[in-house]
Protein chains: 2
Amino acid sequence: MAKAPRTGPYICGIDAALDVVSGKWKGLVLWELHAHGVRRFSELRRALPGVSEKMLAQHLREMEADGIVLRTVYAEVPPKVEYSLTESGAALNEALLPLGAWGRERVRREGLEVAPVPEAPASAAG
Amino acid sequence: MAKAPRTGPYICGIDAALDVVSGKWKGLVLWELHAHGVRRFSELRRALPGVSEKMLAQHLREMEADGIVLRTVYAEVPPKVEYSLTESGAALNEALLPLGAWGRERVRREGLEVAPVPEAPASAAG
DNA sequence: CTGTATCCTTTAGGATACTG
DNA sequence: CAGTATCCTAAAGGATACAG
């Protein structure tokens, strides 16, 4: 979803799904949470080289509102917040696997560049 | 792909795939070509209510450059141009099926609105 | 550590007019 | 019919500073 309440009626399921994953870093956030189960804000920031605090926070809020990410706040000092996938988020990740496979095939076929990601699970993400 | 030559290195397959389907109408174009096999420019325009000529042409050029759409120009007058899916485009469509299913489930679960599409194949697109 | 607030640049998308 | 060209608006994203 965008930040606005609800953009409008969807035309098909693809629309409704792309609306949720559209965002420069959302796919990576999804994958990072899938790979590690639980991540803190600062861990996600380190895992996404180049992301700004604003965008990371904004994306996480939207994904939370879309029901794919769970945000857990611990009443400690210093503050501690953990992010994880909801059941729906995990299902979304599963649904993205074939698309990821197609994308990797595309990268291979067209000889596109791929940035090395620290600690990325090479088996399925590359 | 964006209109710029190449945005930059991809981080994972999802990135590389989303880059190709990101665009307000690309998913629908994909589906329309899948459903009909071959479509002319004006047919696509009618199938995508609200699309501007500029965006449709631009999207089709990008999809052609990305190797998922084939553009066939007939040397006739009046002009005739046909669009269809390449093998890669058809594979992309297949890879999008689980995502579409997830999207429809999301629409159902959250009670989101869906716009009725003329002549859309209800079996898998709704 | 986990964010917000503000300001700014870039890009996507749209309206309209025109052309081979 | 199948587009281009031009101009414009809106939305996404980024830099930086500050706060609980």
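Below, chains carry the letters A, B, ... as their sequence lines are ordered, and counting in each starts from 1.
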Atom pairs, N/O to N/O, protein against nucleotides 2-4 of chain D, distance under 3.5 Å?
residue : atom : partner : partner atom : Å
D:dA2   : OP1  : B:Arg40 : NE           : 2.8
D:dA2   : OP1  : B:Arg40 : NH2          : 3.0
D:dA2   : OP1  : B:Val81 : N            : 3.3
D:dA2   : OP2  : B:Ser42 : N            : 3.1
D:dA2   : OP2  : B:Ser42 : OG           : 2.9
D:dG3   : OP1  : B:Arg61 : NH2          : 2.8
D:dG3   : OP1  : B:Arg71 : NE           : 3.4
D:dG3   : OP1  : B:Arg71 : NH2          : 2.5
D:dG3   : OP2  : B:Tyr83 : OH           : 2.5
D:dG3   : N7   : B:Glu53 : OE1          : 3.0
D:dG3   : O6   : B:Glu53 : OE1          : 2.9
D:dT4   : OP1  : B:Arg61 : NE           : 3.4
D:dT4   : O4   : B:Glu53 : OE1          : 3.4

Exercise. Of A:Leu96, A:Asn93, A:Val21, which meets side chain to side chain contact (heavy atoms under 4.5 Å, CB included) against B:Ile14?
Worked result: A:Leu96
For this session: Determine to 10° how strongly the helix from C:dC1-D:dG20 to C:dG20-D:dC1 is bent, judged from the axes of its five-pair ends.
Result: 50°
Problem set entry | Residues which pass side-chain hydrogen bond (donor to acceptor under 3.5 Å, both in side chains) with B:Glu64, listed by chain and number, not counting sequence neighbours | none
Problem set entry | Pairing residues for B:Val81 by the side-chain contact (heavy atoms from CB on, under 4.5 Å) criterion, not counting sequence neighbours | B:Arg71, B:Val73, B:Tyr83
For this session: Rounded to the nearest angstrom, tell me the gap between atom CG in A:Leu44 and atom P in C:dC1.
Result: 13 Å
Exercise. For C:dA12, does OP1 or OP2 lie under 4.0 Å from any side-chain N or O of B:His59?
Worked result: no
Problem set entry | Those residues that, when tested against B:Arg108, pass side-chain hydrogen bond (donor to acceptor under 3.5 Å, both in side chains) (two or more places apart) | B:Glu105
Seminar exercise, completed: A:Lys24 NZ to C:dT10 P, in whole Å, measures 13 Å
Exercise. Atom CD of A:Glu64 to atom P of C:dT2: distance rounded to whole Å?
Worked result: 15 Å
Problem set entry | Between C1' of D:dA12 and CG of A:Leu18, the distance in whole Å | 16 Å
Exercise. Mind checking what makes side-chain contact (heavy atoms from CB on, under 4.5 Å) contact with A:Val77, not counting sequence neighbours?
Worked result: none
Seminar exercise, completed: For B:Glu76, the side-chain contact (heavy atoms from CB on, under 4.5 Å) test, sequence neighbours excluded, returns B:Tyr74, B:Lys80
Problem set entry | Qualifying residues under side-chain contact (heavy atoms from CB on, under 4.5 Å), relative to A:Leu48, sequence neighbours excluded | A:Trp25, A:Leu28, A:Val29, A:Val51, A:Leu56
Exercise. Is B:Glu82 salt-bridged to B:Arg40, cutoff N-O under 4.0 Å?
Worked result: no
Exercise. Between C:dT4 atom P and A:Met55 atom CE, what is the distance in whole Å?
Worked result: 13 Å
Exercise. Atom CG of A:Leu28 to atom P of D:dG13: distance rounded to whole Å?
Worked result: 13 Å
Exercise. Is there a side-chain polar atom (N or O) of B:Trp25 under 4.0 Å from OP1 or OP2 of C:dG14?
Worked result: yes
For this session: Check side-chain hydrogen bond (donor to acceptor under 3.5 Å, both in side chains) between A:Glu94 and all other residues, then give those that pass, not counting sequence neighbours.
Result: none
